[in-house]
There are 2 protein chains.
Amino acid sequence: MTSERHTVGTQLSFALYGAANRMARLHKPFLEPLGLTFPQYLAILELLDGAPLSVGTLGARLDMDTGTITPLVKRLEGAGFVTRTRDPADERRVLVDLTPRGRALEAEVRGITDKIKSACQLTDQGMDDLRRTLEALAHPASE
Amino acid sequence: MTSERHTVGTQLSFALYGAANRMARLHKPFLEPLGLTFPQYLAILELLDGAPLSVGTLGARLDMDTGTITPLVKRLEGAGFVTRTRDPADERRVLVDLTPRGRALEAEVRGITDKIKSACQLTDQGMDDLRRTLEALAHPASE
DNA sequence: TTCGCTTATCTAGCGTACTAGATTTTAGAA
DNA sequence: TTCTAAAATCTAGTACGCTAGATAAGCGAA
């Protein structure tokens, strides 16, 4: 009945835009009780995997620009999850480290993955295939 | 060498977040000369497929909330691409229609799809499969 | 008709994302 | 050493994306 529609709905970029937004919304009910937003949750995950990290390194890992990561880290500091310290070896750098309060999030934060996985009803294999496809997508050939 | 990293990089949600951001960045050089942002480009595409639409209908098609779509449409109006008119049949509604200046974007806007397609180096088949996978993803079962 | 409920849109406020420009530290050259 | 350029971070401004609350028009029932 909507046979004449052939524009936005057929665009890969629109599907991607929608799926990413839906995924963030799916996380919200689990993250809100912890006092985290979705991008903040990604930052905490990255820090759990090896803090301290410089602001620049953290941003690069998450593919976030300096104008995004700086205020995000400051909010995490304000919430008491991380500390920000000038690197004594290079005073240009700011090292971000987890506080005990930040580390205490680990169990709950890691548990969220499983809850999302079941909500998506994807097999481990399907999820992994999709992840790999997305990682390759829209990446300039040089990288 | 980074064999111990196993957190953010392995998350489907992170891959999705990154791919959507990269896709929007990929569009930017084509959209900037037209004076459009990526979400505005999606709105124009939807309107080209059948204007006028009410603010609510347009938002629903794009899966954008009222707090997002209202200011977006007002900016499109300010740029002279659309008009906003109260629906005489129901004064609660605001109908969004393309101006001649808005319709004049059609050729260039539709051409962007092909440019993105070649930048992504995906076959039509691969693109379509991915699109279908994403459309199903993170959609509650009821829909 | 009028009360009250629903629907459609708008507004305000917070947290991303992005760009561009400013600041501070480091490092190299004259 | 001092001048200069590069690197790391910060700040300001615009545009989403979300929530919550406000406004206004339609609509059914007493």
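Keep in mind the model is a prediction, meaning the values are calculated, not measured. All chains are named by letter (A, B, ...) in the order of the sequence lines, taking the proteins before the strands, and each is independently numbered beginning at 1.
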When A/Gly56 and B/Glu91 are each assigned the nearest nucleotide of DNA chain D, the 5'-most assignment goes to A/Gly56
Return no unless some side-chain N or O of A/Thr37 is found under 4.0 Å from OP1 or OP2 of C/dG15. no
With the side chain of B/Met64 defined as its heavy atoms from C-beta on, choose the nearest nucleotide among D/dA25, D/dC16, D/dG17. D/dG17
Whether the side chain of A/Thr70 engages the backbone of A/Gly67 through a donor-acceptor N/O pair (distance < 3.5 Å, no angle test) should be reported. no
Please tell me if A/Gln40 has a side-chain N or O lying less than 4.0 Å from either OP1 or OP2 of C/dT16. yes
Does a donor on one side chain sit under 3.5 Å from an acceptor on the other, for A/Thr113 and B/Gln11? yes
State whether A/Arg75 places a side-chain N or O below 4.0 Å from either non-bridging phosphate oxygen (OP1 or OP2) of C/dC14. no
Taking A/Ser13 for the side chain and B/Met23 for the main chain, is one N or O donor matched with an acceptor at less than 3.5 Å? no
For C/dC10, does either OP1 or OP2 sit under 4.0 Å from a side-chain N or O belonging to B/Arg84? yes
Contact under 4.0 Å: A/Lys74 side-chain N or O vs D/dT11 OP1/OP2: yes
Please tell me if A/Thr70 has a side-chain N or O lying less than 4.0 Å from either OP1 or OP2 of D/dT9. no
One thing to verify: whether A/Arg132 and A/Asp129 come together as a salt bridge, which I'm taking to mean a side-chain N less than 4.0 angstrom from a carboxylate O. no
Is any side-chain nitrogen or oxygen of A/Thr66 closer than 4.0 Å to OP1 or OP2 of D/dC10? no
Is the phosphate of C/dA17 approached by B/Tyr17 (side-chain N or O, under 4.0 Å from OP1 or OP2)? yes
